[in-house]
S.K.: 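The structure under discussion is supplied below as structure tokens; questions concerning it will follow.
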Amino acid sequence: MARLPILRYPDPRLHTIAKPVAAVDARVRRLVDDMIETMYANDGVGLAATQVDQHERVIVMDTSEQHDSPLVLINPEIVERSEEMALAEEGCLSVPQIYDKVERHARVKVRALGRDGAAFEIDAEGLTAVCVQHEMDHLLGKVFVEYLSPLKRNRIRTKMLKKTRDEAKGAP
């Protein structure tokens with residue numbers, strides 16, 4: 001397994017729409033394993049393939065308390081959404097150290113393929129529902145800061161660009 005570099009907002013590649021996975025083969029399972037290692041190494045609860053510059057419909061996540069139960073969603077689709085909405089604070093590995101509240105459906109039902117290629121459905125609520133919707137947005141080329149006001153989004157963009165410049169110069 002290998003840790004993959006994570007694209008940082010406002011990298012334009014984060015706006016690429018992911019293509020469906022044609023077959024769950026050894027290459028896709030290796031991508032899944034690398035994504036899981038990358039997610040855990042960066043203390044994340046979810047990671048979409050788009051964030052590691054692989055534009056396929058693959059998500060890994062782990063919202064368990066022990067952080068030891070990875071969930072793999074290949075070609076995920078939301079098949080049901082609650083009418084009830086919930087406001088929750090979100091962060092993103094592509095927008096490190098930035099958190100803000102985003103409104104999403106309180107519950108969703110998702111159909112996907114697992115790492116083994118078998119189809120399954122999950123009913124998600126709470127953090128899991130937030131995470132699924134957040135990661136599925138990545139597959140559509142959308143980053144959570146796009147739900148925020150233009151003023152907040154521009155401030156975050158400026159901050160992230162400065163951080164990238166400073167890191168390139170070797171500053172902490």
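These values consider heavy atoms only, across backbone and side chains, with no hydrogens, waters or symmetry-generated copies. For reference, positions follow the sequence shown, starting with 1.
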S.K.: CD/Q54 to CG/L47 distance, rounded to the nearest 0.5 angstrom?
M.R.: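 Spacing of CD (Q54) from CG (L47) equals 11.0 Å.
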S.K.: Is the side chain of D137 donor-acceptor paired with the backbone N or O of V143 at a distance under 3.5 Å, no angle test?
M.R.: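 Side chain of D137 to backbone of V143, a donor-acceptor pair under 3.5 Å: no, none is there.
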S.K.: Nearest 0.5 Å, please: how far is CG in L161 from CZ in R165?
M.R.: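 Interatomic distance, R165 CZ to L161 CG, rounded to 0.5 Å: 6.0 Å.
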S.K.: Going from NE2 on H134 to CG on L127, what distance comes out if it is rounded to the nearest 0.5 angstrom?
M.R.: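 If we round to the nearest 0.5 Å, H134:NE2 and L127:CG are 11.0 Å apart.
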S.K.: Taking side chain as C-beta onward, heavy atoms only, is R157 less than 4.5 Å from V145?
M.R.: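 No, too far: nothing below the 4.5 Å cut-off.
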S.K.: Decide whether L93 and M61 are clustered together by the hydrophobic rule: side chain heavy atoms of Ile, Leu, Val, Met, Phe, Trp, Tyr closer than 4.5 Å, transitively.
M.R.: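 Looking at the clustering, M61 is in a separate group from L93.
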S.K.: If you take all heavy atoms of A48 and E135, which pair is closest and at what distance?
M.R.: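 Minimum heavy-atom contact is N-OE1, 3.2 Å.
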S.K.: Between Y147 and K142, is there a cation-pi geometry (under 6.0 Å to ring centre, at most 45° from the normal)?
M.R.: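 Yes, K142 sits over the ring of Y147.
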S.K.: Do any N or O atoms from the side chain of R29 and from the backbone of D116 form a donor-acceptor pair under 3.5 angstrom?
M.R.: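 Not confirmed, R29 side chain does not pair with D116 backbone.
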S.K.: Do L14 and V102 belong to the same hydrophobic cluster, where Ile, Leu, Val, Met, Phe, Trp and Tyr are linked whenever their side-chain heavy atoms lie under 4.5 Å apart, directly or via other members?
M.R.: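 In one cluster: yes.
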S.K.: Okay, side chain of D62, backbone of S69: is any donor-acceptor separation there less than 3.5 Å?
M.R.: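 Yes; judged by distance alone, with no hydrogens or angles, the pair exists.
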S.K.: Would you say that V52 contacts I6 through its side chain, given a criterion of any heavy-atom pair below 4.5 Å between the two side chains?
M.R.: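 Answer yes - side chains close enough.
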S.K.: With a 4.5 Å heavy-atom cut-off, do V24 and V32 have their side chains touching?
M.R.: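 Heavy-atom side-chain distance check fails, nothing below 4.5 Å.
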S.K.: For the residue pair R81 and I78, what are the closest heavy atoms and their distance?
M.R.: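 Minimum heavy-atom separation between R81 and I78: CG-CG2, 3.6 Å.
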S.K.: Testing the basics here: between V21 and R57, what is the closest heavy-atom pair and its distance to 0.1 Å?
M.R.: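 Smallest interatomic distance, heavy atoms only, reads CG2-O, 4.0 Å.
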S.K.: What do you reckon, is NZ of K19 surrounded by more than 12 foreign heavy atoms closer than 6.0 Å?
M.R.: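 Not more than 12 within 6.0 Å, no.
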S.K.: Please check if the side chain of D25 supplies one atom and the backbone of R27 the other of a donor-acceptor pair under 3.5 Å.
M.R.: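 Checked: pair present.
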S.K.: Apply the test salt bridge (charged side-chain N to carboxylate O under 4.0 Å, His left out) to residues D166 and K162: give CA-CA distance (whole Å), side-chain angles for both, the deciding distance (0.1 Å), then the verdict.
M.R.: CA-CA 6 Å; D166 289 348; K162 181 183 183 316; 2.7 Å; yes
S.K.: Kindly say whether R111 contributes a backbone atom to a donor-acceptor pair with the side chain of E77 at under 3.5 angstrom?
M.R.: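 No; zero donor-acceptor contacts below 3.5 Å.
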S.K.: Report, as yes or no, whether the 6.0 Å neighbourhood of atom CD on E89 holds more than 12 heavy atoms from other residues, nucleotides or ligands.
M.R.: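 Check passes, neighbour count above 12.
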S.K.: Linking I/L/V/M/F/W/Y whenever their side-chain heavy atoms sit closer than 4.5 Å, directly or via other members, would V60 and V45 fall into one cluster?
M.R.: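 Shared cluster, no.
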S.K.: Take a 6.0 Å sphere around CD of Q97 and say whether it holds more than 12 heavy atoms from other residues, nucleotides or ligands.
M.R.: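 At most 12 heavy atoms, drawn from other residues, nucleotides or ligands, come within 6.0 Å of this atom.
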S.K.: If two hydrophobic side chains count as joined below 4.5 Å and joins carry through other members, does V110 share a cluster with L71?
M.R.: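 In one cluster: yes.
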S.K.: Does any part of the side chain of L139, heavy atoms only, come nearer than 4.5 Å to the side chain of P76, both counted from C-beta?
M.R.: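 With C-beta onward as the side chain, the pair touches.
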S.K.: Counting C-beta onward and ignoring hydrogens, is there a side-chain heavy-atom pair between L7 and Q51 closer than 4.5 Å?
M.R.: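 Contact flag for L7/Q51 side chains = no.
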S.K.: Quick one, M35 and L4 - any side-chain contact, counting heavy atoms below 4.5 Å?
M.R.: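 Yes, at least one pair of side-chain atoms sits under 4.5 Å.
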S.K.: Rounded to the nearest 0.5 Å, what's the gap from SG on C92 to CG on D100? Could you check?
M.R.: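 It is 13.0 Å, given to the nearest 0.5 Å.
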S.K.: Could you check N42 against R3 for side chain to side chain contact (heavy atoms under 4.5 Å, CB included), going step by step and ending with a plain yes or no?
M.R.: CA-CA 9 Å; N42 288 278; R3 291 185 188 169; 5.8 Å; no
S.K.: Using 0.5 Å steps for rounding, measure from the CG atom of L148 to the CZ atom of R155.
M.R.: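 With rounding to 0.5 Å, CG (L148) is 12.0 Å from CZ (R155).
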S.K.: Which atoms form the tightest heavy-atom contact between A23 and V28, and what is the distance?
M.R.: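 Where A23 meets V28 most closely, the heavy atoms are O-CG2, 3.5 Å.
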S.K.: T128 and A124: which non-hydrogen atoms are nearest, and at how many Å?
M.R.: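 Where T128 meets A124 most closely, the heavy atoms are CG2-CB, 3.7 Å.
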S.K.: In terms of hydrophobic clusters joined by side-chain contacts under 4.5 Å, are V132 and I59 together?
M.R.: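 Per the 4.5 Å side-chain linkage, V132 and I59 are co-clustered.
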S.K.: To the nearest 0.5 angstrom, please state how far the NE2 atom of H55 sits from the CD1 atom of I17.
M.R.: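 The CD1 atom of I17 is 11.5 Å from NE2 of H55, to the nearest 0.5 Å.
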S.K.: Using a 4.5 Å cut-off on heavy atoms from C-beta on, say whether the side chain of F120 contacts that of L73.
M.R.: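 With C-beta onward as the side chain, the pair touches.
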S.K.: The test is salt bridge (charged side-chain N to carboxylate O under 4.0 Å, His left out); show your working for E84 and R107 and say whether it passes.
M.R.: CA-CA 8 Å; E84 179 189 355; R107 290 175 303 287; 2.9 Å; yes
S.K.: Please name the pair of heavy atoms, one in A18 and one in T50, separated by the smallest distance, quoted to 0.1 Å.
M.R.: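 Here A18 and T50 meet closest at CB-OG1, 4.1 Å.
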S.K.: Give a yes or no answer on whether the side chain of H67 reaches the backbone of G44 with a donor-acceptor pair at less than 3.5 Å.
M.R.: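 Here the side-chain-to-backbone pair exists.
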S.K.: For the pair N75 (side chain) and P20 (backbone), establish whether a donor and an acceptor sit closer than 3.5 Å, ignoring hydrogens and angles.
M.R.: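 Side chain of N75 to backbone of P20: no pair is present.
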S.K.: Apply the side-chain hydrogen bond (donor to acceptor under 3.5 Å, both in side chains) test between E90 and each candidate in R104, Q133, K101; give the one that qualifies.
M.R.: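 Result for side-chain hydrogen bond (donor to acceptor under 3.5 Å, both in side chains) with E90: R104.
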S.K.: Quick one, R8 and E167 - any side-chain contact, counting heavy atoms below 4.5 Å?
M.R.: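 They are in contact (side-chain heavy atoms under 4.5 Å apart), so the answer is yes.
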